[in-house]
Amino acid sequence: MDIRYFAWLRERIGTGHETVETRAETVADLIEDLKALSDAHAFAFSDTNAIRAAVDQELVPFDASIAGAKEVAFFPPMTGG
Amino acid sequence: MDIRYFAWLRERIGTGHETVETRAETVADLIEDLKALSDAHAFAFSDTNAIRAAVDQELVPFDASIAGAKEVAFFPPMTGG
Amino acid sequence: MSVDVSDRAFDPGAVLSAFSQRVDGSGAIVTFTGITRDVSEGDLQAMEIEHYPGMTEKALGDIRAQAMDRFRLIDAVIIHRYGRLSPGETIMMVATAAPHRRDAFEAADFLMDYLKSRAPFWKREITARGADWVAAKDEDEDALNRW
Amino acid sequence: MSVDVSDRAFDPGAVLSAFSQRVDGSGAIVTFTGITRDVSEGDLQAMEIEHYPGMTEKALGDIRAQAMDRFRLIDAVIIHRYGRLSPGETIMMVATAAPHRRDAFEAADFLMDYLKSRAPFWKREITARGADWVAAKDEDEDALNRW
């Protein structure tokens, strides 16, 4: 599964893109898997209130399913406009 | 005193500008004087709900004083924008 | 040029370009452009706009000053035409510049509401059936109570 | 061009000129232009805007479609830049065209509220002290409850 990171999440993890093998069923499960990857991941995901997720480029809540997803992205709240 | 008319009030009275001698103290008094000038004036001022007034280019209610005024204008509700 | 009353056509894009270049420190610019539109029954040939020279400039200046006073603005302009306009022509425009978007939006909205009912313009529609003065709408007068 | 995401500079006036010429039947056009502004302490050197290619275009297209659906509009455009911008440069713009002014105003306001919190852009301010990600404001999220 393709995982993408943006803004300070990308900086903390040290990459904007990685591929992971996971049996996670939801975004929340996936975050737990990712936190186990490294100290940097654990730190980046330490405050999940400050994080948003998109599954296949659609903004979703953390209890959303990732079944069949090709790409899951994590990022801070957006600051467009 | 210079009296000015705009839009359909001007059309009904047949002129956009006239000079009148008046002892009227308020806009309402002045309207009574003007109505006496001709049938066209009386017709033009028959529905004062549909008329607005400006004294020296300032929108005012009908009970406003015209003491010392140089110019009083009458017109329908404005439709700018 | 903060208030401009003229019978000449103008390009709203050129106004926005010039305005955006001069309002240093703005984070937000809002414009409203009014266009001659067929509001009757599909056969508008022209729109004639009468105004009260002298009072018009004064009223627009007052409305602009009220907006500058009431909202946190960097600048505001009002442009309004009079004379004969064809369908699709630009009648008027307001532009507001502010540090924050809420002020820019509200000030433009405020300017439009006041301009509709407090600036001495009168529109007449020319159609195949003749010429008719556009009636003021109660909702335009009521809109002033929002502020 | 209803949604445009690009790293190139653009002139909001040129956008309004082109938009106003193509929206036949409109009575009202509203534009909002966002400009890079020093929101920190007077020493902004640049603003860097990161985005999520692919999702950005999709999100802006969805937001535009919602506005077209919710308001009586003739057309709407959204333009948003990414990359490095200097203070005073145009970041983004929305334009809405409608028969009536209320729809044009509300749709532009709606587009801005959604774009602030639902389009995947992240701003970073570059100052003499370094680079800082701009934090999202609670009020921006709250603004969505207006609709």
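In what follows, every chain begins at residue 1, and chains take the letters A, B, ... in the order their sequences are listed. All values derive from a computational prediction rather than experimental measurement.
- For M55(C), the parts lying near chain B are the backbone and the side chain together; criterion is any non-hydrogen pair under 4.5 Å.
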Please report all inter-chain donor-acceptor pairs (under 3.5 Å) between chain C and chain B, with distances to 0.1 Å.
{"residue": "E50(C)", "atom": "OE1", "partner": "A7(B)", "partner atom": "N", "Å": "3.4"}
{"residue": "E50(C)", "atom": "OE1", "partner": "R10(B)", "partner atom": "NE", "Å": "3.4"}
{"residue": "E50(C)", "atom": "OE1", "partner": "R10(B)", "partner atom": "NH2", "Å": "2.5"}
{"residue": "E50(C)", "atom": "OE2", "partner": "A7(B)", "partner atom": "N", "Å": "2.9"}
{"residue": "E50(C)", "atom": "OE2", "partner": "R10(B)", "partner atom": "NE", "Å": "3.0"}
{"residue": "Y52(C)", "atom": "OH", "partner": "E71(B)", "partner atom": "OE2", "Å": "2.4"}
{"residue": "M55(C)", "atom": "N", "partner": "Q57(B)", "partner atom": "OE1", "Å": "3.2"}
{"residue": "K58(C)", "atom": "NZ", "partner": "E58(B)", "partner atom": "OE1", "Å": "2.6"}
{"residue": "H80(C)", "atom": "NE2", "partner": "G81(B)", "partner atom": "N", "Å": "3.0"}
{"residue": "K116(C)", "atom": "O", "partner": "G80(B)", "partner atom": "N", "Å": "3.4"}
{"residue": "F121(C)", "atom": "O", "partner": "T79(B)", "partner atom": "N", "Å": "2.8"}
{"residue": "W122(C)", "atom": "NE1", "partner": "P76(B)", "partner atom": "O", "Å": "2.8"}
{"residue": "K123(C)", "atom": "N", "partner": "T79(B)", "partner atom": "OG1", "Å": "3.0"}
{"residue": "K123(C)", "atom": "NZ", "partner": "T79(B)", "partner atom": "O", "Å": "3.2"}
{"residue": "K123(C)", "atom": "NZ", "partner": "G80(B)", "partner atom": "O", "Å": "3.4"}
{"residue": "K123(C)", "atom": "NZ", "partner": "G81(B)", "partner atom": "O", "Å": "2.7"}
{"residue": "R124(C)", "atom": "NH1", "partner": "E11(B)", "partner atom": "OE2", "Å": "2.3"}
{"residue": "W133(C)", "atom": "NE1", "partner": "E11(B)", "partner atom": "OE1", "Å": "2.7"}

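- If you measure heavy-atom distances from L115(C) to chain B, the contacts under 4.5 Å come from both the backbone and the side chain.
- When heavy atoms are compared at a cutoff of 4.5 Å, A54(B) approaches chain C solely by way of its side chain, counted from C-beta outward.
- No part of A59(C) comes within reach of chain B, as not one of its non-hydrogen atoms sits under 4.5 angstrom from that chain.
- Screening residues 11-35 of chain C for ring pair (Phe, Tyr, Trp, His ring centres under 6.0 Å) gives F32(C)-F105(D) as the qualifying pairs, with residues at least two apart or on separate chains.
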